[in-house]
Amino acid sequence: MARLHFIILIFSSIFAISSSSFIRPPHPFDPLTRTELKLVRNVIKKTYPVGPKYNFTFQYVGLNEPDKSLVLSWHSSPDQNVKPPPRQAFIIARDSGKTREIVVDFSSRAIISDKIHVGKGNPMLTIDEQEAATELVHKFKPFRDSIRRRGLKLSEVVVTSSTMGWFGETKTERLIKTIPFYLNGSVNTYLRPIEGLTIIVNLDKMKVTKFKDRFTSPLPKANGTEFRFSKLNPPFGPALRNAVLFQPNGPGFKIEGHIVRWANWEFHMSFDVRAGLVISLASIFDMDMNKYRQVLYKGHVSEIFVPYMDPSADWYFITYLDCGEFGCGQSAVSLEPYNDCPAGAAFMDGIFAGQYGTPTKISNVMCIFEKHAGDIMWRHTEVEVPGLEITEVRPDVSLVARMVTTVGNYDYIIDYEFKPSGSIKMEVGLTGVLEVKPVEYVHTSEIKEDDIHGTLIADNTVGVNHDHFVTFRLDLDIDGTNNSFVRTELVTKAPKSVNTPRKSYWTTKQKTAKTEAEARVKLGLNVEEFVVVNADRRTKHGNEVGYRLFPGPVSGTLLTQDDYPQIRAAFTNYNMWITPYNKSEMWTSGLYTDRSQGDDTLAVWSQRNREIEKKDIVMWYTVGFHHVPCQEDFPTMPTLSSGFELRPANFFEQNPVLKVKPIKLTTTPCCTCTNG
Ligand SMILES: *[C@@H]1O[C@H](CO)[C@@H](O)[C@H](O)[C@H]1NC(C)=O
Ligand SMILES: *[C@@H]1O[C@H](CO)[C@@H](O)[C@H](O)[C@H]1NC(C)=O
Ligand SMILES: *[C@@H]1O[C@H](CO)[C@@H](O)[C@H](O)[C@H]1NC(C)=O
Ligand SMILES: *[C@@H]1O[C@H](CO)[C@@H](O)[C@H](O)[C@H]1NC(C)=O
Ligand SMILES: *[C@@H]1O[C@H](CO)[C@@H](O)[C@H](O)[C@H]1NC(C)=O
Ligand SMILES: [Cu+2]
């Protein structure tokens, strides 16, 4: 099935997916359309006053996750002639200082559920309210006086918004801290913080509720912060040649609505304002069985935890939970053809509701492309056959679904890479700009404190130490939903029953996790393999059909369990967890993350210690980075990547890409061809 398109380095074109005018019934996982978002607004307007004059704002609007059993029966019916599940929107609104959870049904065009959230934590911040808050601060007289007192020009000041976490307070109003930066000719905002100011805004009242000026600190120089190519001076380099794909028959993937088909893979790709890119119903075609087999019911980033390691007054609260506080979809950006995604990529837009319910578009927010990385899919040279030397080799090609979310200073590249061999690789790339602290030093020899909490990376500029923990929620359905999690320890043994000069060997010790407690994994403690198997299916040779997790580089939290940010992000206490499927357990930091108190995290759910053997189970995996900044991270940081891989393990009867056709170059590359 895996069909590889041959390539010649010449040129290519961009394939844009325009939602064509004919109407197809929505796929149960399709993101809410512009029309549906308008309908949501109209339905809610019948009950609540919506608009800038009133106290009613939309903080989250997304698809109300349809019942899994309904989706599965719809998906598995031939020609999908079973009725799709009811299509509904889930809305979190702020209504006069209270948080409301509303479900709107599209066929009845009515609110079918409406309740007030009484627990802890606040909904995601909207872009609009953050803008309103920062504008408010810009006009705030004491703030303007402070800026003038520092001898700075107000027109060059940019105010940004920061969540403030939770540090034991009993009242957790919707407050944010705002942090000012000084442009003064630079466009690299985050490298020029104006420190010493504490400015707190109450978002519900839209008022500055606290203002304090400690009037300290130098400002890092603007020199060297430029990153626009058009403004940089020669010499340029290192030189890179343009190398773009030429695919005479077009790219190898087909996109229908939000369904992507490529080689032996089929999956649905969606956009959510909180999660960003969502992959669902990913299945792989098995040539021997002549059918598609399920692998991943739904996969997406559930949270990104970024705690900074400077405990001082200006910094201690910087412990972001990006997706729950700012929205990893809301913060996603338009991708640039050829640079963000290579030639031949297809793009999809993202649509979400603004705070008064009006649809907003991020064009080209996700892309799909074939990746010809120059890797080898498999090979063998056989030299032992007398008189023959046989080489068989196939080049590797994969399909990547990508988004980039720019949460303030950082840009996160999130990739799902599908391989014809059945492997899926999740990769997180970090780039963007460091969060920095102004200091008086320009050389390490001048440092007087015992801890500057980072690295002096430029004049008067410390890149502050921090972590990035990106937690994926992966609802695996390996060949169906009846799955178990098997941990196989590799243990060293001394040979006993055989006569051998060897003193040691290793062998496997397998254990199926019965409950959630048995499936909490701290990587690096043991040599272990992790496989999700299907309890009902075995291969011809009797092995359990499964998918194995290959962890990437391992890093776990170094904060103590009683530290407030760690209580809120207790889902990073382990690298991996398994929970039984539960539609309400989607967001590892809790449904309400802003100022949360850690009572609704994955760690708390897992405490119930539910049974997970022969159940529909969900895997949670965290990709972690400890980031000690270095000078190369200034003024922008070259991408640092990490990730993990899910790979078939006794899922197929044999190598599923054995019969991929080798690539033969049949056309001579030329630049002046007229008849292609
Ligand atoms: C909005 O709600 C806040 C309380 O959160 C209240 O102080 C304010 O007066 C309300 N404004 C309007 C226009 O109702
Ligand atoms: C702002 O820019 C001007 C012109 O380049 C420069 O003279 C001045 O020192 C800058 N001020 C600060 C605080 O960086
Ligand atoms: C500004 O930075 C450039 C290199 O980025 C350096 O050559 C130049 O000397 C610097 N100028 C000042 C005034 O520090
Ligand atoms: C899961 O598989 C086991 C073993 O085949 C079987 O006994 C059990 O009934 C299955 N459960 C479901 C819900 O299908
Ligand atoms: C599903 O999760 C929610 C939130 O954690 C919980 O309240 C509910 O009891 C769970 N349902 C089941 C069946 O475990
Ligand atoms: Cu970092």
Side-chain angles (χ1 to χ4, degrees), residues 65 67-69 72-73 76 90 101 115 117-121 146-158 180-189 191-196 215-226 231 294 297 302 324 436 438 440 442 458-461 473 475 477-486 512 514-516 532-539 542-546 570-571 577-593 596 598-618 620:
E65 176 98 345
D67 270 343
K68 186 163 176 179
S69 57
L72 288 178
S73 56
S76 60
F90 178 63
E101 293 171 9
K115 54 180 188 227
H117 162 69
V118 285
K120 305 197 166 96
S146 285
I147 295 299
R148 284 198 203 96
R149 200 139 53 96
R150 283 169 161 78
L152 304 177
K153 276 187 287 189
L154 269 158
S155 58
E156 295 298 311
V157 173
V158 171
F181 292 86
Y182 199 54
L183 293 177
N184 202 28
S186 168
V187 293
N188 205 335
T189 313
L191 289 180
R192 308 201 69 208
I194 305 172
E195 293 233 314
F215 195 63
T216 54
S217 77
L219 193 66
K221 295 195 177 51
N223 192 25
T225 63
E226 186 56 71
K231 307 282 178 186
Q294 293 176 59
Y297 180 73
S302 184
V436 303
E440 59 201 280
V442 297
D459 284 359
N460 311 109
T461 307
R473 178 184 185 271
D475 181 358
D477 280 2
I478 303 302
D479 220 5
T481 55
N482 198 352
N483 290 174
S484 299
F485 181 59
V486 179
T512 301
K514 298 209 172 340
T515 64
E516 291 180 279
V532 172
V533 299
N534 186 307
D536 294 322
R537 306 223 200 293
R538 287 176 186 266
T539 61
N543 293 305
E544 287 179 304
V545 158
F571 54 89
W577 313 64
I578 303 280
T579 55
Y581 172 83
N582 179 333
K583 202 170 110 169
S584 323
E585 294 174 355
M586 195 74 68
W587 310 109
T588 186
S589 57
L591 182 56
Y592 297 98
T593 304
S596 64
D599 58 330
D600 182 29
T601 69
L602 168 59
V604 171
W605 313 331
S606 173
Q607 283 306 323
R608 282 190 230 138
N609 206 18
R610 293 161 288 188
E611 286 184 6
I612 53 168
E613 194 182 5
K614 296 177 185 160
K615 289 262 170 0
D616 186 1
I617 55 177
V618 174
W620 305 79

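Remember, it's 1-based here, ligands and their atoms both numbered in the order they're listed.
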Arg150 and Glu195 ion-paired at < 4.0 Å: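 The answer is no: the pair does not qualify as a salt bridge.
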Note: Lys514-Glu613 ion pair, threshold 4.0 Å (strictly below): yes
Atom of Ile617, atom of Ile612 and distance for their closest heavy-atom approach: CG2-O, 3.4 Å
Ser186 versus Thr225, closest heavy-atom pair with distance: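 That would be OG-OG1, 3.0 Å.
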Name of the residue among Asn582, Thr579, Asp600 meeting side-chain hydrogen bond (donor to acceptor under 3.5 Å, both in side chains) with Trp605: Asp600
pair His117-Leu591: side-chain heavy atoms closer than 4.5 Å: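 No. Closest side-chain heavy atoms not under 4.5 Å.
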Any Glu516 side-chain heavy atom under 4.5 Å of Pro580 side chain: yes
Identity and separation of the nearest protein heavy atom to atom 6 (C) of ligand 4: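 Checking every protein heavy atom, the shortest distance to atom 6 (C) of ligand 4 gives Asp536 OD1, 3.9 Å.
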Residue, atom name and distance, where the atom is the protein heavy atom closest to atom 14 (O) of ligand 2: Arg192 NH2, 3.1 Å
Contacting atoms of ligand 4, where contact means under 4.0 angstrom from a heavy atom of Asn482: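 Per the distance check, 1 (C), 2 (O), 3 (C), 8 (C), 10 (C), 11 (N), 12 (C), 14 (O).
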For Ala535, atoms of ligand 4 separated by under 4.0 Å from a heavy atom: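 Counting atoms of ligand 4 from 1, those under 4.0 Å from Ala535 are 2 (O), 4 (C), 5 (O).
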Atom 9 (O) of ligand 2 touched by protein heavy atom at under 4.0 Å: no
Asn582 neighbourhood, listing ligand 5 atoms whose heavy-atom distance to it stays under 4.0 Å: 1 (C), 2 (O), 3 (C), 8 (C), 10 (C), 11 (N), 12 (C), 14 (O)
For Trp605, atoms of ligand 5 separated by under 4.0 Å from a heavy atom: 5 (O)
Asn184, Ile194, Leu152, Leu183: member with heavy atom nearest to atom 2 (O) of ligand 2: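 Residue with the shortest heavy-atom distance to the ligand atom: Asn184.
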Under 3.5 Å: N/O of Lys614 near N/O of ligand 4: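 The answer is no, given that Lys614 and ligand 4 share no N or O pair closer than 3.5 Å.
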Parallel, tilted or perpendicular: rings of Tyr297 and Tyr581 (30°, 60°):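 Taking Tyr297 first and then Tyr581, their aromatic rings stand perpendicular (interplane angle over 60°).
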Within-shell test, Arg608 vs ligand 5, heavy atom, strictly < 4.0 Å: yes
Close N or O approach (Asp600, ligand 5; < 3.5 Å):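 No - when backbone and side-chain N and O of Asp600 are compared with those of ligand 5, no distance drops under 3.5 Å.
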